Colleague: 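Here's a structure for you.
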Amino acid sequence: MKIIGTGSAHPKCAVTNQMLEQFLETTDEWITERTGIKERCVISSEKLEDMACEAAMKALENANLTPADIDFLICSNVVNEYVTPALSCIIQGKIGATCPTVDINAACAGFIYAMDIADDKLKAGKAKNILIVCAEEPSRMVSWKNRSTCVLFGDGAGAAVVTAGDELKAIRLTTSSLTEVLYYQRTLEPTPYISKEENFEPLVMRGREVFKHAVTNSNRDIKALLDQTGLTPADIKYYVLHQANRRIIDSIRNFLGVEEERVPHNVERYGNISSAALPALLDELNRAGKLQKGDKLVFSAFGAGFTTGACIIEWAM
Ligand code: ACO
């Protein structure tokens, strides 16, 4: 598998820490020190599906392809306005593609899970060009009265087009059922027959535990991939890590012992945009001309579940 195009889209409403100070008992200093986040872009008048389509079309243009050239579409999404149809079906129609589509939910690790599925399809000869779209609106899962969670998230979309190639050097996925550290329950319609107690609540997160799992698991995954491929941390041009918290990113960088410039970040501008974080950051690097053919990249992400995904891929464009 190789990546031949990237795209991204963010909502226009940038919510700064100072804006949060207006209605939450918090400070810019606290948020900056604990998370590195200065602002996040949050959906207001936009629709998530339109942002997803914008990111998808940019990735297709970048790959010099049209929607008709795509023969499979994978959308990574945790929550959106529709339970059904799948967001991927909506995107397919709006961009004018005709291929089969599927949604996956591997939380913030969704981009790597989608890449793994795409790789299998390409290897099996079942598709030639696959469009991956990660579109997320975690701002709609949190209570905006809860300072412990709402300050962390933003919304956005990232996309990539992949095709057959030898550039994916190694990939690793893990799931461990740790459902109590991070979860969000959706309100369901009542029926005359429900007799169990139901207590739906906004996103619940045990922050310190998530922090520990994130660092431990990402370090483990990256080390396993380096060992598997015989590469050293210095052989990697960029570590494209999940953008949840600057302190998590710095802890992983310290473990690897690599220079700051090898671990790019944009969490300070966008907050945690779930599975869209990786492809959106990759798109930023791509469009800034920072990636050269042959550069080795590590992707690593973790999410609710607990899921993790990591891979080593050579840049092909
Ligand atoms: N402003 C001011 N004070 C706050 C805020 C806030 N926004 N949020 C929490 N606090 C307070 C708490 O109420 C607590 O006060 P108390 O001591 O009086 O009870 C105090 O700060 C310390 O709270 P902790 O939760 O212990 O703070 P911690 O240092 O652990 O930082 C944080 C919290 C930033 C959430 C951290 O645990 C973290 O980053 N965890 C990882 C979270 C993460 O990455 N989540 C996203 C992953 S999910 C995903 O990507 C799928």
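In listed order, ligands and their atoms are each counted from 1. As the structure is a prediction and not an experimental result, all values here were calculated from the model.
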Colleague: Hey, is A214 one of the residues with a heavy atom under 4.0 angstrom from ligand 1?
Modeller: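 False for this residue.
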Colleague: Is atom 16 (P) of ligand 1 near the protein, in the sense that some protein heavy atom lies at less than 4.0 Å from it?
Modeller: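 It does not; no protein heavy atom is within 4.0 Å.
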Colleague: Any non-hydrogen atom of S148 lying under 4.0 Å from ligand 1?
Modeller: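 A heavy atom of S148 does come that close to ligand 1.
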Colleague: Can you tell which of K290, R269, K58 makes a salt bridge (Lys or Arg N to Asp or Glu O under 4.0 Å) with E284?
Modeller: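 Passing option: R269.
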Colleague: What residue and atom, counting heavy atoms only, is the protein's closest point to atom 40 (N) of ligand 1, and at what distance?
Modeller: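 Scanning the protein heavy atoms, the shortest distance from atom 40 (N) of ligand 1 goes to G207 O, 2.9 Å.
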Colleague: Verify whether one side chain among D69 and T66 offers a donor that lies under 3.5 Å from an acceptor in the other.
Modeller: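 On atom types as modelled, these side chains qualify, holding a pair under 3.5 Å.
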Colleague: Hey, does the side chain of R172 reach the backbone of A310 with a donor-acceptor pair shorter than 3.5 angstrom?
Modeller: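 No: the side chain of R172 does not pair with the backbone of A310.
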Colleague: To the nearest 0.1 Å, how far is atom 39 (O) of ligand 1 from its closest protein heavy atom, and which atom is that?
Modeller: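 Nearest neighbour among protein heavy atoms for atom 39 (O) of ligand 1, to 0.1 Å: N245 ND2, 2.5 Å.
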Colleague: Is a donor on one side and an acceptor on the other found under 3.5 Å between the side chain of W144 and the backbone of F23?
Modeller: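 Answer holds: no.
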Colleague: Please tell me whether N77 and N80 have a donor and an acceptor in their side chains that are separated by less than 3.5 angstrom.
Modeller: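 Judged by distance alone, the side chains do pair up.
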Colleague: Would you tell me whether D221 and S218 have side-chain atoms, one donor and one acceptor, within less than 3.5 Å of each other?
Modeller: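 On atom types as modelled, these side chains do not qualify, holding no pair under 3.5 Å.
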Colleague: Would the distance check show the side chain of E46 and the main-chain N or O of K12 forming a donor-acceptor pair, the cut-off being under 3.5 Å?
Modeller: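 Flag set: sc E46 to bb K12 pair under 3.5 Å.
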Colleague: Assess the side chains of K128 and T163: does a donor N or O sit below 3.5 Å from an acceptor N or O?
Modeller: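 Not at all, the side chains of K128 and T163 share no donor-acceptor pair under 3.5 Å.
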Colleague: Would you say the ring centroid of F302 lies under 6.0 angstrom from that of H213?
Modeller: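 No, ring centres 6.0 Å or more apart.
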Colleague: What's the shortest distance from atom 26 (O) of ligand 1 to any protein heavy atom, and which residue and atom give it?
Modeller: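 Here the nearest protein heavy atom works out to R208 NE, 2.8 Å.
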Colleague: With respect to atom 22 (C) of ligand 1, which of E21, R246, M205, R34 exhibits the smallest heavy-atom separation?
Modeller: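 Among E21, R246, M205, R34, the closest heavy atom to atom 22 (C) of ligand 1 belongs to R34.
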Colleague: What atoms of ligand 1 come within less than 4.0 Å of a heavy atom belonging to A304?
Modeller: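 Checking each atom against A304, I get 51 (C).
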Colleague: Just need the protein heavy atom nearest to atom 7 (N) of ligand 1, so name the residue and atom and give the distance.
Modeller: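 Heavy-atom neighbour on the protein nearest atom 7 (N) of ligand 1: R147 O, 2.9 Å.
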Colleague: Could you tell me whether T27 and ligand 1 have an N or O pair separated by under 3.5 Å?
Modeller: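 The answer is no, given that T27 and ligand 1 share no N or O pair closer than 3.5 Å.
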Colleague: Heavy-atom contacts with I248 under 4.0 Å: which atoms of ligand 1 show up? List them by number with element.
Modeller: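 Selected atoms, number and element: 44 (O).
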Colleague: Would you say atom 19 (O) of ligand 1 makes contact with the protein, given that contact here means a non-hydrogen protein atom less than 4.0 Å away?
Modeller: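 Answer no: nothing from the protein, no heavy atom, is under 4.0 Å.
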Colleague: Examine distances only and state if a side-chain atom of N245 and a backbone atom of R34 form a donor-acceptor pair shorter than 3.5 Å.
Modeller: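 The answer is yes, because a donor-acceptor pair under 3.5 Å joins these two groups.
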Colleague: Give the residue and atom name of whichever protein heavy atom lies nearest to atom 46 (C) of ligand 1, and the separation in Å to one decimal.
Modeller: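 Minimum-distance protein heavy atom for atom 46 (C) of ligand 1 reads N272 ND2, 3.3 Å.
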Colleague: Is it the case that atom CD in E261 sees more than 12 heavy atoms from other parts of the structure closer than 6.0 Å?
Modeller: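 Yes - once you tally the heavy atoms of other residues, nucleotides and ligands closer than 6.0 Å, there are more than 12.
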Colleague: With a 4.0 Å cut-off, strictly under, does atom 2 (C) of ligand 1 pick up any protein heavy atom?
Modeller: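 Given the 4.0 Å cut-off, atom 2 (C) of ligand 1 counts as touching protein heavy atoms.
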Colleague: Counting only heavy atoms on the protein side, is anything nearer than 4.0 Å to atom 5 (C) of ligand 1?
Modeller: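 Looking at atom 5 (C) of ligand 1, one finds that a protein heavy atom does lie closer than 4.0 Å.
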Colleague: Starting from atom 51 (C) of ligand 1, find the nearest protein heavy-atom neighbour and note its residue, name and distance.
Modeller: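 Ranked first by proximity to atom 51 (C) of ligand 1 is C108 SG, 2.5 Å.
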Colleague: I'd like to check whether T35 has a polar contact with ligand 1, where a contact means an N/O of the residue lying under 3.5 Å from an N/O of the ligand.
Modeller: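 T35 vs ligand 1: no N/O contact under 3.5 Å.
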Colleague: After noting the C-alpha distance and the side-chain angles of H10 and D155, does the key distance pass the side chain to side chain donor-acceptor pair (under 3.5 Å) rule?
Modeller: CA-CA 7 Å; H10 299 277; D155 305 321; over 6 Å; no
Colleague: Given 3.5 Å as the limit, does a donor-acceptor pair link the side chain of E167 with the main chain of I313, or not?
Modeller: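 Looks like no, no N/O pair under 3.5 Å.
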Colleague: Closer than 4.0 Å to some heavy atom of A244 - which atoms of ligand 1 meet that?
Modeller: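 Going through ligand 1 atom by atom, the ones under 4.0 Å from A244 are 44 (O).
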Colleague: Quick one: look up the protein heavy atom nearest atom 43 (C) of ligand 1 and list residue, atom name and how far away it is.
Modeller: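 Ranked first by proximity to atom 43 (C) of ligand 1 is V210 CG1, 3.9 Å.
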Colleague: Under 4.0 Å and counting heavy atoms only, is there anything from the protein next to atom 32 (C) of ligand 1?
Modeller: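 So atom 32 (C) of ligand 1 lacks protein heavy-atom neighbours under 4.0 Å.
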Colleague: Considering non-hydrogen atoms of the protein only, which is the closest contact for atom 48 (S) of ligand 1, and what is the distance?
Modeller: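 Minimum-distance protein heavy atom for atom 48 (S) of ligand 1 reads L182 CD2, 3.2 Å.
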